[in-house]
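Data first, discussion second: the structure below is written as structure tokens.
Each chain gets a letter, A, B and so on, in the order the sequences are listed, and its residues count up from 1.
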Number of protein chains: 2
Amino acid sequence: MKQQEVFKAMADPTRRAILKRLQEGALTAGEIGQAFTITSASLSHHFAVLKRADLVRTERRGQFIVYSLNSTVFEDFARVLFDLFRHRGSPGDNA
Amino acid sequence: MKQQEVFKAMADPTRRAILKRLQEGALTAGEIGQAFTITSASLSHHFAVLKRADLVRTERRGQFIVYSLNSTVFEDFARVLFDLFRHRGSPGDNA
DNA sequence: GCAGAATTTTGATATTTGTCTAAATATCTA
DNA sequence: TAGATATTTAGACAAATATCAAAATTCTGC
């Protein structure tokens, strides 16, 4: 996992909102965009950040691009956080 | 919990390393600083960010200032993340 | 009260980030 | 192939961030 990329990706509220929308299932870029007022260009920038962090996957379907969550990275991230939060860190920590 | 402050605070690797050091127990600003090469001024800036996010507490002990983790906010943060990561979000989500 | 130590604050600077508009790319349909 | 739609890329700009040096603050011990 690209830990630093993931942490940075999660630091923006728009990106967290995107992830939240994707919890309901895969969506096209346009469908995701309907919930936001920013331009599609800005949205695309956020998608790129999420993709670089491996938090989302993409698949082209005709003229659409479908985004979906990458649960694996989510789980890795949760594990890292628990390591970070656990008092008296044990071996294997890597924050 | 000031969610956005917490996410931003966690986005910086130096700050995550500070939190990690504090897992071992409370430390003075100087003791924490020994692990880093940046100036104490920069370190102090990072402390301010962590404090604003309520991730750490401070207590003056003579001429020293002792930093310690605020586990409560840690736990709240973990809970928010699980909400964010859980597929098919349930009511009560607030990411 | 003064010198010294620990820490923070201030002011400056360089880098990163989020946003926009305009242009480019990819795909569909007629 | 041409026009329409969906999305990304390029280029520009303002705001936020990380860092530093220097000055200010708070405390200790003489």
Handout entry: Side chain of B:Q63 - closest among C:dG4, D:dA6, C:dT19
Key = C:dG4
Problem - OP1 or OP2 of D:dT7 under 4.0 Å from side-chain N/O of A:S40 - result: no
Practice task
May I ask whether B:V56 and B:F64 are part of the same hydrophobic cluster, defined by side-chain heavy atoms of I, L, V, M, F, W, Y residues being less than 4.5 angstrom apart, directly or through others?
Solution key: no
Handout entry: Residue mapping more 5' on DNA chain C - nearest nucleotide basis, B:A41 or A:I38
Key = B:A41
Exercise for the section: Considering non-hydrogen atoms only, spot the tightest contact between A:L27 and A:R21 and give its length. Expected result: CD1-O, 4.0 Å
Practice task
Could you say whether A:S44 or B:G62 is positioned toward the 5' end of DNA chain D, judged by the nucleotide with the nearest heavy atom to each?
Solution key: A:S44
Practice task
Using atom CZ of A:F47 as one end and atom C1' of D:dT9 as the other, report the distance to the nearest whole Å.
Solution key: 15 Å
Practice task
Check the distance between C:dT17's C1' and A:L50's CG and give it to me in whole angstrom.
Solution key: 14 Å
Completion exercise
Picking from D:dC20, C:dG18, C:dC20, the nucleotide nearest the side-chain atoms of B:T39 would be D:dC20
Practice task
Verify the contact: side-chain N or O of B:T28 to OP1 or OP2 of C:dT7, cut-off strictly under 4.0 Å; return yes or no.
Solution key: yes
Problem - Sugar-phosphate only, base, or nothing, as touched by B:R15 at under 4.0 Å among non-hydrogen atoms - result: sugar-phosphate
Exercise for the section: Would you mind telling me which of C:dT27, D:dT8, C:dT8 lies closest to the side-chain atoms of B:I65? Expected result: C:dT8
Practice task
Looking only at side-chain atoms of A:F64, point me to the closest of D:dT17, D:dT7, C:dG18.
Solution key: D:dT7
Exercise for the section: Flag yes if B:V66 and B:L55 sit in one hydrophobic cluster, no otherwise; membership is Ile, Leu, Val, Met, Phe, Trp, Tyr, and two members link when side-chain heavy atoms are under 4.5 Å apart. Expected result: no
Exercise for the section: Would you indicate what B:Y67 reaches in the nucleic acid, counting non-hydrogen atoms under 4.0 angstrom: base, sugar-phosphate, or nothing? Expected result: sugar-phosphate
Exercise for the section: Send over the distance from B:Q4 CD to C:dT17 P, rounded to a whole Å. Expected result: 14 Å
Handout entry: Short side-chain to backbone donor-acceptor contact, A:R60 and A:G62, under 3.5 Å
Key = yes
Exercise for the section: Could you pick out which residue, A:K8 or B:A48, lies toward the 5' side of DNA chain C when each is mapped onto its nearest nucleotide? Expected result: B:A48
Handout entry: Atom-to-atom span, CG of A:D12 to P of D:dA15 - whole angstrom
Key = 17 Å
Exercise for the section: Could you check how far CZ of B:R60 sits from C1' of C:dT7, rounded to whole Å? Expected result: 7 Å
Completion exercise
Only one of A:D54, A:V73, A:L50 passes side-chain contact (heavy atoms from CB on, under 4.5 Å) with A:V6, and that residue is A:V73
Handout entry: Spacing between A:K51 atom NZ and D:dT9 atom P, to the nearest angstrom
Key = 7 Å
Handout entry: Euclidean distance, atom CD1 of residue A:I18 to atom C1' of C:dT19 [Å, nearest integer]
Key = 14 Å
Practice task
Could you work out which one of C:dG18, D:dT8, C:dT8 sits closest to the side chain of A:H46?
Solution key: C:dG18
Handout entry: Integer-rounded Å distance: C:dA6 P and B:L27 CG
Key = 15 Å
